[in-house]
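None of these values were measured; they are calculated from a predicted model. The figures that follow rest on heavy atoms only: side chains count, while hydrogens, waters and symmetry mates do not. Proteins come first, then strands; the chains are lettered A, B, ... in the order of their sequence lines, and each starts at number 1.
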2 protein chains.
Amino acid sequence: MMDAKKVTALLRKKGFKVTPQRLAIYNVLCNTKAHPNAEMIFNKLQPYYPTMSLATIYKTIDILKEINLIQIINVGEDSLRYDAVVKSHSHIRCTVCNKVEDIMDFDFTPAIKDVAQRTSYDLSGQQFYFYGVCPECQAKANRKIG
Amino acid sequence: MMDAKKVTALLRKKGFKVTPQRLAIYNVLCNTKAHPNAEMIFNKLQPYYPTMSLATIYKTIDILKEINLIQIINVGEDSLRYDAVVKSHSHIRCTVCNKVEDIMDFDFTPAIKDVAQRTSYDLSGQQFYFYGVCPECQAKANRKIG
DNA sequence: TTTATATTAGATAATAATTATCCACAAAAA
DNA sequence: TTTTTGTGGATAATTATTATCTAATATAAA
């Protein structure tokens, strides 16, 4: 999570031009916890940037990923989601409403170390995904039955 | 992992017809540790079933997944991989040669319980993916440098 | 501020994995 | 054997993502 000034500086430093579209896309990702995919970002910006195309979203995401401003989340849907929180953390998806939430402050270090030792791989990263029904959807289901 | 007789019985029981193609596809998955995707299965069977189409692979996979004979693996590539081992286990992908290996007998139960408690989700499953360079590719890299 | 130039946004087409459709035909039941 | 229902394969459709092309724009230099 960076403010506009830092993002501007970082883009320049890495040799990318600073455009309103790029700042806007990063801004959307900073101001949501919904882990949007490309289309959701597109829809969010549509009112303010009516001429923006999906291609711009994808190209900008490539750049933001490259300079490590965002991370890509693959929760097994048909589209990818994006997150402005780059600190490694796990995600959980509700199998009913499909929302994706963060699982922060969860220490998987011992497990990771164990895997590294056991496999002799030179580990560079990992992704943990959990699936289940969120409390809200559980409540809804109970209301229907009750 | 089931033998042909059990698979036949299970398919019938679930209301699906038993065809050579279906048995062959399941058989391929039982006899490999490579976690093939649809195209790899297709290529493997091409010599023996020259008329088989990719659509058949996908339709069969749907069925095998539905009756819980295989699991689907999404390692963040552009295609999905399939595994005849349905017991929950983690996977690790080599970022150099792209092979996917199993991490069996690894107990994530404490972590899973902790997540369930912390999130109040009704958990139904989880997927752990690790990324890194496999020992073989490490050796190759060292040979080039040395 | 103006100019030069290299990069970008947006329109459009291309790609590629997966899914849907349709029908002759095969598997299971009668 | 006959009937019925589901299936395989050919084909087209779908959809997320990527590539291409050009006018427009950001940036650095004058």
Side-chain angles (χ1 to χ4, degrees), chain A residues 4-5 7-28 35-43 45-67 70 72-82 98 100, chain B residues 4-5 7-28 35-43 45-67 70 72-82 98 100:
Chain A
K5 256 186 194 167
V7 175
T8 299
L10 183 60
L11 280 168
R12 286 229 181 91
K13 187 180 144 197
K14 296 284 187 172
F16 297 108
K17 291 191 172 169
V18 180
T19 68
Q21 289 92 336
R22 288 178 180 175
L23 295 177
I25 290 167
Y26 179 65
N27 199 45
V28 166
H35 307 86
N37 58 24
E39 202 181 356
M40 290 156 84
I41 299 173
F42 178 79
N43 290 333
L45 289 174
Q46 189 65 17
Y48 312 104
Y49 296 82
T51 68
M52 187 187 285
S53 84
L54 261 174
T56 301
I57 309 267
Y58 282 111
K59 281 187 280 195
T60 299
I61 279 166
D62 266 0
I63 293 170
L64 295 177
K65 168 68 184 164
E66 190 179 330
I67 63 181
I70 63 170
I72 294 174
I73 304 169
N74 185 338
V75 237
E77 296 165 308
D78 38 6
S79 63
L80 302 172
R81 289 166 175 259
Y82 308 100
N98 279 321
V100 173
Chain B
K5 254 185 196 169
V7 175
T8 299
L10 182 59
L11 280 168
R12 285 230 180 90
K13 187 181 146 197
K14 297 284 186 172
F16 297 107
K17 290 190 173 170
V18 179
T19 67
Q21 290 92 335
R22 288 178 180 175
L23 296 177
I25 289 168
Y26 180 66
N27 199 45
V28 167
H35 307 87
N37 58 24
E39 201 180 357
M40 289 156 85
I41 299 173
F42 178 80
N43 291 332
L45 289 174
Q46 189 64 18
Y48 311 104
Y49 296 82
T51 68
M52 187 186 288
S53 84
L54 261 174
T56 300
I57 309 266
Y58 283 111
K59 281 187 279 197
T60 300
I61 280 167
D62 266 359
I63 292 170
L64 295 178
K65 166 68 185 165
E66 190 180 330
I67 64 181
I70 63 170
I72 294 175
I73 304 169
N74 185 338
V75 238
E77 296 166 308
D78 39 6
S79 63
L80 301 172
R81 290 167 174 261
Y82 309 99
N98 280 320
V100 173

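Counting to the nearest Å, the P atom of D:dG6 and the CD atom of B:Glu66 are 13 Å from each other. Between the CG atom of A:Leu11 and the C1' atom of C:dT7 there is a distance of 13 Å, rounded to whole Å. For A:Leu23 and D:dA26, the CG to C1' distance is 12 Å, given to the nearest whole Å. Distance NZ (A:Lys14) to C1' (D:dA26): 20 Å, rounded to an integer number of Å.
Shown here are the salt bridge (Lys or Arg N to Asp or Glu O under 4.0 Å) partners of A:Glu77, two or more places apart in sequence or in another chain: A:Arg81.
Each end of the helix from C:dT1-D:dA30 to C:dA30-D:dT1 gets its own axis from five base pairs, and the two axes differ in direction by 40°, given to 10 degrees.
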Evaluation steps, side chain to side chain contact (heavy atoms under 4.5 Å, CB included), between B:Ile61 and B:Ile70: CA-CA 8 Å; B:Ile61 280 167; B:Ile70 63 170; 4.0 Å; yes
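A donor-acceptor pair is defined here as one N or O able to donate and one able to accept, closer than 3.5 Å; no such pair exists between the side chain of A:His35 and the backbone of A:Tyr82.
When all heavy atoms are compared, the tightest approach of B:Leu54 to B:Ala38 is CD2-O, 3.9 Å. The shortest heavy-atom contact between B:Asn74 and A:Gly76 is ND2-CA, 3.1 Å.
Counting only residues at least two apart or on different chains, no side chain to side chain donor-acceptor pair (under 3.5 Å) pair has a member in residues 46-63 of chain B.
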With the sugar-phosphate defined as primed atoms, P, OP1 and OP2, and the base as all remaining atoms, what B/S/- string results for nucleotides 7-17 of chain D, 5' to 3', for protein heavy atoms under 4.0 Å? SBBS-----SB
Identify each donor-acceptor pair in which a side-chain atom of residues 8-27 of chain A lies under 3.5 Å from a protein atom, sequence neighbours left out, and give them as a table.
| residue | atom | partner | partner atom | Å |
| --- | --- | --- | --- | --- |
| A:Thr8 | OG1 | A:Ala4 | O | 2.8 |
| A:Thr19 | OG1 | A:Arg22 | N | 3.3 |
| A:Arg22 | NH1 | A:Lys17 | O | 2.8 |
| A:Tyr26 | OH | A:Met2 | N | 2.8 |
| A:Asn27 | OD1 | A:Asn31 | ND2 | 3.2 |

